[in-house]
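Here the structure is laid out as structure tokens; the discussion comes afterwards.
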Protein chains: 2
Amino acid sequence: MSIRAGIVVTGTEVLTGRIADANGPWLAEQLRTLGVDVGHVVVVGDRPDDLLAALRFLTGTGVPLVITTGGLGPTADDLTAEIVGLFQGRPASLDPDLEQRIGAVVERLMALRGWRADAESTAAGVRKQAQVPVGATVLEPVGTAPGLVVPPAAGRSGPVVLVLPGPPGELRGMWPAAVAAAPVADLLTGAPELRQETVRLWGTLEAQLAATLRDHDAELAGLEITTCLREGELEIVTRFEPDAQPAYDRLLAALTEAHGDTVFSTGPDLDAVVAGALVERGLTIATAESCTGGLLAGRLSARPGSSDYLLGGVTAYANSAKEALLGVPADLLASHGAVSAEVARALAEGARARFGADVGVGITGVAGPGGGTEEKPVGTVHLCVVGPEERLERALRLRGSRSMVRDRSVTMALHLVRQLLLGGPPA
Amino acid sequence: MSIRAGIVVTGTEVLTGRIADANGPWLAEQLRTLGVDVGHVVVVGDRPDDLLAALRFLTGTGVPLVITTGGLGPTADDLTAEIVGLFQGRPASLDPDLEQRIGAVVERLMALRGWRADAESTAAGVRKQAQVPVGATVLEPVGTAPGLVVPPAAGRSGPVVLVLPGPPGELRGMWPAAVAAAPVADLLTGAPELRQETVRLWGTLEAQLAATLRDHDAELAGLEITTCLREGELEIVTRFEPDAQPAYDRLLAALTEAHGDTVFSTGPDLDAVVAGALVERGLTIATAESCTGGLLAGRLSARPGSSDYLLGGVTAYANSAKEALLGVPADLLASHGAVSAEVARALAEGARARFGADVGVGITGVAGPGGGTEEKPVGTVHLCVVGPEERLERALRLRGSRSMVRDRSVTMALHLVRQLLLGGPPA
């Protein structure tokens, strides 16, 4: 049996959506590879009572490990260390050595940025960050905040609470030390591996998949199957302990038999599939984007090593830029309009020619909320991919907000590239 | 007193980070404008017991309203409607009219995409989505899933549970009907407005701010102040009910007095500040990006109406593209290397010239994880912004992952544009 854990993400900025939480999911995935299954992620604001309630809730679910992120800064609203200490029956006190080490970090940071600060206020902040619940293990700061491993006080029961900082870079930098700290390492000993496999379909409805899963239900014991519809893609993720591998093999066979013509990946995501195909075939790619404004190039360049295939791209927002930088003929723009299949084609061909790439991608559309007409409403997008031998085109009518239209257009363009390079289900 | 609410986000795909939750924060912000304060967002996987535990926890916090998102699809792992019905003492049964309406939507969707499906499996999925807890109010589907308003059964106490679909487009489309539905509308009646104001600093340390807040603590009753350090920016968000407005005015005066030289906004975020400055001054902008691969252009084009100032950009990954599309001299690339202050300047000037823009931005750097050298390690980034009268440059040594280096470079470039256009704290 795998171990379970709960996560508390603190910070009013996360709760109110000003910052998207990157830590909960990252921790859940790290824990999975260690055989630890996360049941709940609770996001709370910077309020003592709400944080206490979250700790009580997760303790009540019976998990042996709770991880908190955030709330370790020098301001008064950062109260995680204090509250966790209170919860575990371990009041905090100043750790003078730690205070010195944090002070040195803060000084170095200020010098680096050329910022000036009042010595007294800096010292007060440092002193706050050096408060440690008695008996807790200190994890050395990666930024200015130390992490903490806080077991329940002697005579109490409950989970070990691992307290980590909020900035993702600091949290990730501290993770190896956190899992190596004795109270955490002891918990993890003996947890079995938790496998996770993904199958991706394009062109199968969720209802059809549901029928396939129902038909094979009896053969799939030991698998936790979740399906998720994402921008038209049906993603099937299965988690299982090693002894259920034969059941997973049966699932994969059933999916291939029922929906093989729509399976475009049994692992890597769309971006990785496209990158793999470009590398495999030794092809280069370049983009010409209007409504997506560089997001396709941004996504193609997100992977390490992408300079092996991505030569570059042009964001041509103004028509003058489409003409000057991509050679789109002025009369084509005048006669068909910037949002047209003809211009998408000229963009793709322009990108291919100007960058000397094997594959060119053109995107033009109306992302909204303004700019729509009766003939070309918001959400109208034309895509074109031109390769060495073939050209594929697609006209879309997308729904949703400006950012949804832009993101979805990029995804559809990547599916079109995938289809051009690999065949498989049509975009 | 404002009303409080809790949110449950369901879906193993969210819990494990395969999909970032966009709904919890969006709902929290919508609720705030209605005078409803969210204390906890709980993310749970597709497991009945975990969902029940989350509902029990939020009910235990005493909130009169709980909102769930996700888990309304046709597959067996989608179980929110059933579990919420169970929790509220309202068993589900088939709503035949709703079944017909959903069936029509599914048919139309399939026809639109040209997908074929087995009629029986489609019908089974539709039938599952048309199960409604007895006595619940149905919110018409925006996609295929209906929403539900589920009060506790007669004789029971507890919160009204509002059940909404997971896809953000569907959830947002359904929101107006959800808040208008009687059991929700009744709750919201009389909730006072909850104000939220933001001050953004660049160049003040969190510890300095903490000292300022401590000094003025006695004058700030009624304010919930949270501070958040984000990519070097110190963001101070204050929430308060209308009668605490004078306290907020005192806070703003104190911040301005202590840190006025680092305040770059008392409201809009950096992107909005830059966009506003461009519009105000009637200037256009163009970008030339290497390591950020189009993300700056993507961010500049994210706002509606951005075509008023953004002419476009070039992502020049390959050196050949830097030469051909932006006129960076080959000997400059050879003598200084692509990652250099000289090339950043040539990129900015190239973007300005090729697009005929008033402002040109150049970014070149080593995003990693590979490609670093002793002289130019991963995280080395050169920025240049060229305007009508002035040129600003900045050399960075950033830490963190590839995506962190890229995102931070884009933010720093925007700060440099802000400084060029508006002065204020140096980037």
Side-chain angles (χ1 to χ4, degrees), chain A residues 12-13 15-17 19-20 25-26 28-29 38-44 46 50 53 57 61 73-75 77 115 117-118 121-122 124-125 169 203 205-208 210-211 226-228 293-295 297-298 301 304 307 310-318 321 355 369-370 399-400 402 404, chain B residues 12-13 15-17 20 25-26 28-29 38-44 46 50 53 57 61 73-75 77 115 117-118 121-122 124-125 169 203 205-208 210-211 226-228 230 293-295 297-298 301 304 307 310-318 321 355 369-370 399-400 402 404:
Chain A
T12 302
E13 67 274 16
L15 190 64
T16 56
I19 286 202
W26 188 86
E29 179 57 19
V38 174
H40 295 93
V41 176
V42 184
V43 184
V44 299
D46 298 309
D50 290 354
F57 163 55
T61 65
T75 49
D77 59 315
W115 288 356
D118 165 50
S121 69
T122 311
L205 284 174
E206 234 182 328
Q208 298 172 268
T226 55
T227 66
C228 160
L295 295 180
S301 61
S307 55
L310 176 66
L311 298 184
V314 170
T315 300
Y317 236 52
F355 286 90
R399 292 190 305 178
R402 179 178 177 85
M404 287 177 198
Chain B
T12 303
E13 68 274 15
L15 190 63
T16 56
W26 187 86
E29 178 58 18
V38 174
H40 296 93
V41 176
V42 184
V43 184
V44 297
D46 298 309
D50 290 354
F57 163 56
T61 65
T75 50
D77 58 315
W115 290 356
D118 165 49
S121 68
T122 310
L205 285 174
E206 235 182 328
Q208 297 172 271
T226 55
T227 66
C228 160
R230 149 149 72 166
L295 295 180
S301 61
S307 55
L310 177 66
L311 297 184
V314 170
T315 299
Y317 236 53
F355 287 91
R399 292 189 307 176
R402 179 178 177 84
M404 286 178 198

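Just so you know, these numbers use all the heavy atoms, side chains as well, and skip hydrogens, waters and symmetry mates. First the proteins, then the strands, lettered A, B, ... as listed; each starts at 1.
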Notebook entry, point to check: What's the shortest heavy-atom distance between Thr315(A) and Ala297(B), and which atoms?
Noted result: OG1-CB, 3.8 Å
Check: Of the listed residues (Leu310(A), Val41(A), Thr75(A)), which shares the most heavy-atom pairs with chain B below a 4.5 Å separation?
Finding: Val41(A)
Margin query: Between Tyr317(A) and Leu311(B), is there a side-chain heavy-atom distance shorter than 4.5 Å?
Written below: no
Next item on the list: Please name the pair of heavy atoms, one in Phe57(A) and one in Val42(B), separated by the smallest distance, quoted to 0.1 Å.
Entry: CE2-CG1, 4.4 Å
Next item on the list: Name the option with the most non-hydrogen atom pairs under 4.5 Å to chain B; the candidates are Ala211(A), Gly125(A), Gly293(A).
Entry: Gly293(A)
Notebook entry, point to check: Minimum heavy-atom separation for Thr122(B) to Ala207(A), with atom names?
Noted result: CA-CB, 3.9 Å
Next item on the list: Under 4.5 Å, counting heavy-atom pairs only, tell me which of Gly169(A), Gly370(A), Gly313(A), Ala321(A) racks up the most with chain B.
Entry: Gly313(A)
Checklist line | Top of Gly39(B), Ala316(B), Ser307(B), Ala318(B) for chain A proximity - count of heavy-atom pairs under 4.5 angstrom | finding: Gly39(B)
Next item on the list: Give the minimum heavy-atom separation between Val38(B) and Leu15(A), together with the two atoms involved.
Entry: O-CD2, 3.0 Å
Checklist line | Side chain proximity check, Val43(B) to His40(A), heavy atoms < 4.5 angstrom | finding: no
Check: Which atoms of Ala20(B) come close to chain A, meaning under 4.5 Å heavy atom to heavy atom: side chain ones, backbone ones, both, or neither?
Finding: neither
Next item on the list: State, to 0.1 Å, how close Glu13(A) and Cys228(B) come at their nearest heavy-atom pair, and which atoms those are.
Entry: CG-SG, 3.5 Å
Next item on the list: Heavy-atom pairs under 4.5 Å with chain B are the metric here; pick the option from Ala210(A), Pro369(A), Pro74(A) that has the most.
Entry: Pro74(A)
Notebook entry, point to check: Who among Glu206(A), Arg399(A), Glu29(A) has the most heavy-atom pairs with chain B under 4.5 Å?
Noted result: Glu206(A)
Notebook entry, point to check: Do you know which of Leu295(A), Asp46(A), Thr61(A), Thr227(A) has the most heavy-atom pairs with chain B at a distance under 4.5 angstrom?
Noted result: Thr227(A)
